[in-house]
Amino acid sequence: MAPGQGTQQQFRYTQTPSKVLHVRNLPWDSAEEELVALCRPFGKIVNTMCNVGANKNQAFVEFADLNQAISMVSYYASSSEPAQVRGKTVYIQYSNRQEITNNKSTGDVPGNVLLVTIEGVESGDVSIDVIHLVFSAFGFVHKIATFEKAAGFQALIQYTDAETAASARNALDGRSIPRYLLPEHITTCHLRITYSAHTDLSIKFQSHRSRDYTNPFLPVNPSAIEGSVQPLLGPDGVKKETESNVLLASIENMQYAVTIDVLHTVFSTFGTVQKIAIFEKNGGMQALIQYPDVTTASIAKEALEGHCIYDGGYCKLHLTYSRHTDLSVKVHNDRGRDYTVQDTGVLMTSQAPSLPTTTGWQVYPQSTSTYIGNDFTATGQVTVPHGQVTTWNPSLSSGSFASASNMFPSQTFATPVSHYPVSTASTAPAGLLQASQESSQYGLLANAQPAAAPTTQPPYYTT
DNA sequence: AGCACA
């Protein structure tokens, strides 16, 4: 055999596809979140390994499915823009291994602490109290710590001994948390349970993400109250969201009913809406809107964030990216729709509307664009409704919630816009107006509005 | 700028 030529592989870096990708030339100090943000649009990431190599500037990403890894490699192979992390070009190839193996989690050495992965949910969907309830059935739960990693929402559950942990694992591994303990839009929520190498968790605060049931005097972390989710922090300390094709919308000041049809009309302006689910959360209303791709979702998010569906600051939209990528909407009712199936023919008429020519409506910029939006943005997930302002962490709230009413404060953070030229508004406001005009014609909004609705005044969108 | 973990 000639030297340097193996029989197994002609060339060392001629890769066969793998669901594990090797990423190199990363910034030295790049975080796992940046890697995840880059790769997530292409599929579900189940594991990562960062700070690899002598320079700590390589990483591995493992997708759930081979095709997802292939789609990412193919995309950047033919893209005019190289893959980048914080402006630095990174190089992506198939790894020469088929899976990431961490030595961290042994997984099968029995211990008193369980590592639980809760599949198909994001952290806001399953409260620590629900987790506590489920796992208390097998014995006294000492401590719980929850966190979000690339693999998803995870929890460490500490029992007294390995026997109790084993009974809980045997009973619950692969099972689902009962539906009645979950938000309505969650249909599957399977538990994957392994043993953790930990024996005693160090819980610093009682919070929405960690509990120590052996120490009732442990202080409550004011910045980790129920309902607020710590945002991912970017390298500059600024909140950084992981993009998704699914948007989480919360609707503030909902004086008028906002139905799925209304949402479908509004969000269809930016592309095909695949699925919508609406549900109650903390007394407010939220909706998940699924687009086919991240790009469409981000355009819709940018265009709609902070806008009101109706005049007077009513039904103000706040949008974040959901961690969901594919909603399991199995119903066609007032809580959920799947527009990708045509069995009922419901609303298949509202495809992406044609470009507006002249609308006849006007866009009225509102001087108070972000009176509450800043607070939402600062806390990541939009989960805090009105009326719970006393539990809010003051350090996160730049303004007083006492002013969060129709009495808009005169000072604003945003630059006041005196007028929107129609030309520059063609992507967002004009499209919105077109959408609202259509919905008026089709009467979609008429049924949704109470008698007191401003019928003489067509709905319009303000910033 | 080119592959960890045992």
Side-chain angles (χ1 to χ4, degrees), chain A residues 1-111 113-117 119 147-152 154 156 162 169 173 192-199 232 234-235 242:
Chain A
M1 177 191 323
Q5 288 188 335
T7 50
Q8 302 299 318
Q9 44 191 29
Q10 226 175 0
F11 179 64
R12 187 179 171 190
Y13 299 112
T14 299
Q15 270 103 26
T16 52
S18 164
K19 58 181 162 45
V20 182
L21 299 182
H22 176 238
V23 183
R24 64 182 194 272
N25 203 37
L26 286 157
W28 305 298
D29 53 344
S30 74
E32 185 200 28
E33 284 75 19
E34 297 176 281
L35 184 70
V36 169
L38 177 71
C39 303
R40 214 183 95 92
F42 300 92
K44 180 178 171 58
I45 298 162
V46 296
N47 205 353
T48 65
M49 180 179 283
C50 299
N51 301 316
V52 170
N55 296 329
K56 306 290 182 197
N57 59 355
Q58 301 169 43
F60 296 97
V61 176
E62 181 177 339
F63 283 100
D65 189 77
L66 177 63
N67 289 328
Q68 296 168 347
I70 292 174
S71 75
M72 181 163 186
V73 170
S74 318
Y75 177 84
Y76 284 112
S78 61
S79 169
S80 56
E81 295 290 317
Q84 290 186 328
V85 168
R86 236 182 298 151
K88 195 170 182 221
T89 297
V90 299
Y91 301 89
I92 299 165
Q93 288 177 297
Y94 299 114
S95 171
N96 51 27
R97 300 191 195 182
Q98 292 299 309
E99 61 183 19
I100 293 175
T101 50
N102 306 44
N103 59 342
K104 304 170 201 164
S105 57
T106 54
D108 50 0
V109 176
V113 178
L114 297 176
L115 172 63
V116 180
T117 303
E119 299 178 336
F147 45 92
E148 290 208 65
K149 292 287 251 203
Q154 296 189 309
L156 290 163
R169 182 187 172 174
D173 188 23
R192 300 294 169 200
I193 305 178
T194 60
Y195 293 107
S196 165
H198 291 95
T199 56
L232 295 175
T242 304

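Here the structure is a predicted model, which means the values were calculated and not measured. Chain naming here is simple, since letters A, B, ... match the order of the sequence lines and numbering starts at 1 in each. Keep in mind that the numbers below use all heavy atoms, side chains included, and drop hydrogens, waters and symmetry copies.
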The nucleotide from B:dA4, B:dG2, B:dC3 with an atom nearest the side chain of A:Gln93 is B:dG2
Of the candidates B:dA1, B:dA4, B:dG2, the side chain of A:Asn25 sits closest to B:dA1
Write down the distance between [atom1] ([X]) and [atom2] ([N]), rounded to a whole number of angstrom.
{"X": "A:Phe60", "N": "B:dA4", "atom1": "CZ", "atom2": "C1'", "result": "5 Å"}
{"X": "A:Gln58", "N": "B:dA1", "atom1": "CD", "atom2": "P", "result": "11 Å"}
{"X": "A:Lys56", "N": "B:dA4", "atom1": "NZ", "atom2": "C1'", "result": "10 Å"}
{"X": "A:Leu26", "N": "B:dA4", "atom1": "CG", "atom2": "C1'", "result": "14 Å"}
{"X": "A:Tyr94", "N": "B:dG2", "atom1": "OH", "atom2": "P", "result": "20 Å"}
{"X": "A:Asn51", "N": "B:dC3", "atom1": "CG", "atom2": "P", "result": "16 Å"}
{"X": "A:Asn55", "N": "B:dA4", "atom1": "CG", "atom2": "P", "result": "13 Å"}
{"X": "A:Met49", "N": "B:dC3", "atom1": "CE", "atom2": "C1'", "result": "11 Å"}

Do we count A:Tyr91 as stacking onto B:dG2 if the rule is ring centres under 5.5 Å and planes under 30°? no
So A:Leu21 and A:Cys39, do their side chains get closer than 4.5 Å, heavy atoms only? no
With a 4.5 Å limit on heavy-atom distance, are the side chains of A:Arg40 and A:Ile45 in contact? yes
Would you mind classifying the nucleic acid contact of A:Glu99 as base, sugar-phosphate or nothing, using non-hydrogen atoms under 4.0 angstrom? base
Along DNA chain B (nearest heavy atom to each residue), the more 5'-positioned of A:Val52 and A:Asn57: A:Asn57
Spatial distance of atom CG (A:Leu114) from atom OG1 (A:Thr194) [nearest 0.5 Å]: 8.0 Å
Using the ring centroid of each side chain, check whether A:Phe42 and A:Tyr75 are separated by less than 6.0 Å. yes
